[in-house]
Amino acid sequence: MSDKQKKQNWREYVRRIDPYVPGEQPKERNIVKLNTNENPYPPSKRVEAVLRGLDPASLRLYPDPDASVLISAIAKHSGVDEDEVFAGVGSDDVLAMAFMTFFNSREPLLFPDISYSFYEVWADLFQVPFEKVPLDEAFRIRTSDYKRANGGIIFPNPNAPTGILLSIREIREILDANRDSVVIVDEAYIDFGGESAVPLIREYDNLLVVQTFSKSRSGAGLRIGYAVGSRELIRHMRDVKFSYNSYTLNPLQIMGGAAMIEDEEHFRKCRDRIIATRERSAVRLKEMGFSVLPSAANFLFASHPSLGGEELFRFLKEHGIYVRHWNKARIENYLRITIGTEEEMEQLFRVLALMIKE
Ligand SMILES: *Cc1c(COP(=O)(O)O)cnc(C)c1O
C-alpha cells in the first residue's frame, strides 16, 4: 500500500440521519398524558383472555411468518380478501415497508408540509426525493396541488396534527389525477369520524390504505398496523418484507391482535365516548378563547390569541399535563391535545383556567 493512498475511516460511511422524535413517555405516575394520541380506555377483555391463554412453551418456535390468524381477522373486518392485506409492527413499520417498496422514482414524493413528521424521516432514510406541499390558509390539503408529476403521494386522513378530514370525493380527485403513482392514505385516525378509502382499492390498483391498532383499538403497546390494497401492491410489499425480516409479528400480536379487532362492540363504545368528549372539549376550549381546528380525530389542534404555544406547553407540563407542541413555522402557537377521559379533560381545563386568569 503506498503512503499516498488515503486511509479510509468507517465514520465517513455512516448513514447519518436526524431521527423522528416521538412524544415523551414519562416515567412518573399521575401524569395526565395527552401527548401521543393513545386511547384512554383499555382494549377489549377478549385480548386479556387470549394473552393469558398463550403457552410460553410455544415461544420456542418461530411465529407464523404470514401472521395468518391476524391477517384473516383484519381482512374480515375490512371486507377484503386476505391477499389484499399486509400487516406489520405498527403502521410505522408498514409505512416504512411501503416507502421502500414503492417510492423509488426520481420524481419527488409529495406530502403536506404540516403532517406526520415521520414521512420526511423515511424519505431521508430511504433516499427518496420529496417535496412538501403547503396546506392552505385554513390548514387544509388542497387537492389541486397534487395534480403534477410525482413519484408517489402520501397524506394522513384525517391529517395530523390538524385533525382536518378530506372527503371521499376529494380523495377520488387525487386518485383520478394520479393513476400512475402509488397513493398512500394513512388512516391512523379514520375511525374517529371519517369515511375510509378502503372500498376504493378495487377501483384504484395504485391505492394503499394504512390503518393502525394504536389509536382507535387501544393497542399502541401491542404494535400492530396494516395496509389494505390491490393484490399487486400487497404482493410487492410482502416480497420486500420477506427480503428484510420474515418474522415481524410475534404470537402475542398475532393472537391478541385478532381478538382486538374482532370485538366491534367494545371498539364502538370507546370510540363513541372519545368522539363525545372531543366535541364537548372543543366547545370548552372555544369558551376559553382558543381557536380550535375542526377535528375528525382523537385530538384537538388549538391556539390561544394571547398565550404562546411554548408558554402553554410548559405551564401544562409543570402541572403534570403532557400535550404535544412543535417549534415550527405556522404551528408554533398550537397545541395538539389528545382526547383523554372526561376526568383527564377536566384536569386540563382546570389548569388552563389558572393560566388564563393569571
Ligand atoms: C400514530 C400514527 C402512526 C403510527 O402509528 P403506529 O403506532 O406505528 O401504528 C402513523 N401515522 C400517523 C399519522 C399517526 O398519527
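Note that ligands are numbered from 1 as they come in the structure, with each ligand's atoms numbered from 1 the same way.
Of the residues I261, V210, D93, the one that meets the side chain to side chain contact (heavy atoms under 4.5 Å, CB included) test with Y226 is I261.
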Could you tabulate the donor-acceptor pairs under 3.5 Å formed by side-chain atoms of residues 297-304, not counting sequence neighbours?
residue: N298; atom: ND2; partner: N37; partner atom: O; Å: 3.0
residue: S303; atom: OG; partner: S291; partner atom: OG; Å: 3.2
residue: H304; atom: ND1; partner: S306; partner atom: N; Å: 3.1
residue: H304; atom: ND1; partner: S306; partner atom: OG; Å: 3.2
residue: H304; atom: NE2; partner: M288; partner atom: O; Å: 3.2

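With hydrogens left out, the protein atom closest to atom 11 (N) of ligand 1 is D186 OD2, 2.7 Å, a heavy atom. Given atom 15 (O) of ligand 1, the protein heavy atom at minimum distance is Y189 OH, 2.5 Å. Closest to atom 14 (C) of ligand 1 among all protein heavy atoms lies K215 NZ, 3.1 Å. Among protein heavy atoms, the minimum distance from atom 5 (O) of ligand 1 is reached at S91 OG, 3.2 Å.
Here ring-ring contact (aromatic ring centres under 6.0 Å, His included) pairs that include residues 13-67, with residues two or more places apart or in two chains, are Y20-Y116, Y20-F118, Y62-Y247.
Distances below 4.0 Å separate heavy atoms of G90 from the following atoms of ligand 1: 8 (O), 9 (O). For ligand 1, the atoms lying closer than 4.0 Å to a non-hydrogen atom of R223 are 6 (P), 7 (O), 8 (O). Atoms of ligand 1 lying under 4.0 Å from at least one heavy atom of S214, given by number and element, are 6 (P), 7 (O), 9 (O).
Ring planes of F103 and F99: perpendicular class, angle over 60° (limits at 30 and 60°).
Under the 6.0 Å distance and 45° angle rule, R238 does not count as a cation-pi partner of F86.
When atom types are taken as modelled, the side chain of E332 and the backbone of R330 share a donor-acceptor pair closer than 3.5 angstrom.
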**Request:** Evaluate the criterion salt bridge (charged side-chain N to carboxylate O under 4.0 Å, His left out) for residue pair R314 and E310; output intermediate values, then yes/no.
**Result:** CA-CA 6 Å; R314 285 189 189 288; E310 181 80 34; 2.8 Å; yes
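Atom 4 (C) of ligand 1 has its nearest heavy-atom neighbour, among I224, N159, D92, in D92.
Residue contacts with ligand 1 do not include G225, since none of its heavy atoms lies under 4.0 Å from the ligand.
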